[in-house]
Number of protein chains: 2
Amino acid sequence: MKDLPLFAQHFILHWGEMGTKWGINRTVAQIHALLFISDHPLHAEEICDQLGVARSNVSNSLKELQNWGIVKVVHLPGDRRDHFESIQDVYELFRIIAAERKKREIDPTLVRLRACANEVGATDNPADAHAKEKLESLLSFFELVSDFYTKMDRLPTKSAIQAIRMGDKIAKSIGAFMK
Amino acid sequence: MKDLPLFAQHFILHWGEMGTKWGINRTVAQIHALLFISDHPLHAEEICDQLGVARSNVSNSLKELQNWGIVKVVHLPGDRRDHFESIQDVYELFRIIAAERKKREIDPTLVRLRACANEVGATDNPADAHAKEKLESLLSFFELVSDFYTKMDRLPTKSAIQAIRMGDKIAKSIGAFMK
DNA sequence: CGAATATTTCTGTCTTTACAGAAATATAGA
DNA sequence: TCTATATTTCTGTAAAGACAGAAATATTCG
């Protein structure tokens, strides 16, 4: 890590810590940070040297990043080694991460909540009335979030960003309209 | 856990697994799930029995949930024991979670990115030009997200939900407007 | 104040995850 | 095909996190 400029070290370390708070392996996040700020694709050995982690660790972490779809393999002419580069566009990056998290976490939760709602609906025990209502409201919320995601994901980046920028004005006008 | 109806068991177990994927302790998430679907506040001993975890574990997990602000202590007349209840409104629940995550994760990242941007700005080494640009675009993105959060958080729940519901129409109209 | 009960903190164990180094496998060019 | 190089998988160890049970502390009521 000593070879890297100080600001890069700070960024990579912070990104690694952030990762752990979001259930992402520290090394995985650090490698991503390194690739993200790099102006050219790196091969595994370079990543080892820069971050001071074992070759195997880098190999597995890179596979993980490729599974997430935020790092790609590229080949350089006259070089047999795999080189790796991160998605460079920030919005695209988070769009992919959001899509992946939805697929892995929101969607299975929807399935589970629907199954639970079925189970509780079948028993129809009055003692479960409150729990039933709670699960249903939770399900509604996740469906709302899921639908919103789908809508936003269909939009081109520029429109989506614009919508985010104008979030308050839009929501305010809706609020006024509803009164 | 055997005392609980099957759907409740399934929900609690799933919620626990979800938690781990988001960097939240499994037991913490399970206790929250239990309190969320419960129609009355529970005391620590009841939580132990229902989930089959140690008293100390429950104690620490409850403290964690209180730190997040999604579980509150209540006292029942004629009972010395602390009783605990979860925020019951789903939107309010996720509003609080979002606020807390922003405070713990987005805000420190903003601070860090600004510091990095400063550091790289000071050196002004042409070799760092690309990294500088990357960090700046990342910073812009986080500032956008942060601002959006602040705007949305100021809105009453109903308006916010309405804005989410109408997300696609709004964004589409912006998109058309921009062309 | 003292006993009973409730709660937190401490300590050690167990489980899981992270990770290095070695071994095995795969790949490309000679 | 053989050799050099790249990559992945395997294996053991180390570190971190989760958690139970015990001990300590605090609280309430008689």
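Chain letters run A, B, ... following the sequence lines, proteins first, then strands; residues in each count from 1. No hydrogens, no waters, no symmetry mates; every other heavy atom, side chains included, goes into these values.
- Taking the six-membered ring for Trp and thresholds of 30 and 60 degrees, B/Phe11 and B/Phe36 have ring planes inclined between 30 and 60 degrees apart.
- For A/Val53, whose side chain is taken as the heavy atoms from C-beta onward, the closest listed nucleotide among D/dT5, C/dA20, C/dT5 is C/dA20.
- Taking the six-membered ring where the residue is Trp, A/Trp22 and B/Trp22 present tilted rings, their angle falling between 30° and 60°.
- Counting non-hydrogen atoms under 4.0 angstrom, B/Arg26 reaches nothing in the nucleic acid.
- A donor and an acceptor atom, one from each side chain of B/His43 and B/Asp82, are nowhere located under 3.5 Å apart.
- For A/Leu76 and D/dT5, the CG to C1' distance is 17 Å, given to the nearest whole Å.
- Between B/Asn57 atom CG and D/dG17 atom C1' the separation is 11 Å, expressed in whole Å.
- Within 4.0 Å (heavy atoms only), B/Asn60 reaches at least one base atom of the nucleic acid.
- Between B/Asn25 and D/dC19 there is a side-chain polar atom (N or O) within less than 4.0 angstrom of OP1 or OP2.
- Between the CD1 atom of B/Ile47 and the P atom of D/dA20 there is a distance of 14 Å, rounded to whole Å.
- In this model, the phosphate group of C/dG21 is not approached by any side-chain N or O of A/Arg55 to a distance below 4.0 Å at OP1 or OP2.
- At a threshold of 4.0 Å, the pair B/Glu119-B/Lys132 does not count as salt-bridged, since none of the basic side-chain nitrogens sits closer than that to a carboxylate oxygen.
- Separating the CZ atom of B/Phe84 from the P atom of C/dA6 is a distance of 12 Å, rounded to the nearest angstrom.
- Listed pair A/Arg81 / D/dA6 meets the phosphate criterion, a side-chain N or O lying under 4.0 Å from OP1 or OP2.
- The CG atom of B/Leu139 lies 12.5 Å from the CZ atom of B/Arg112; values are rounded to the nearest 0.5 Å.
- Checking the phosphate oxygens (OP1, OP2) of D/dT8, a side-chain nitrogen or oxygen of A/Ser59 falls inside 4.0 Å.
- Atoms CD1 (A/Ile24) and P (C/dA18) sit 11 Å apart, rounded to a whole Å.
- Contact annotation: B/Lys63 side-chain N/O to C/dT7 OP1/OP2 distance is not under 4.0 Å.
- Between B/Thr27 and D/dA18, a side-chain N or O to OP1/OP2 separation shorter than 4.0 Å is absent.
- Across the protein-nucleic acid pair, B/Asp82 atom CG and C/dT8 atom C1' stand 11 Å apart, rounded to whole Å.
- For A/Arg80, the side-chain atoms get nearest to C/dT27 when compared with the rest of C/dG21, C/dT9, C/dT27.
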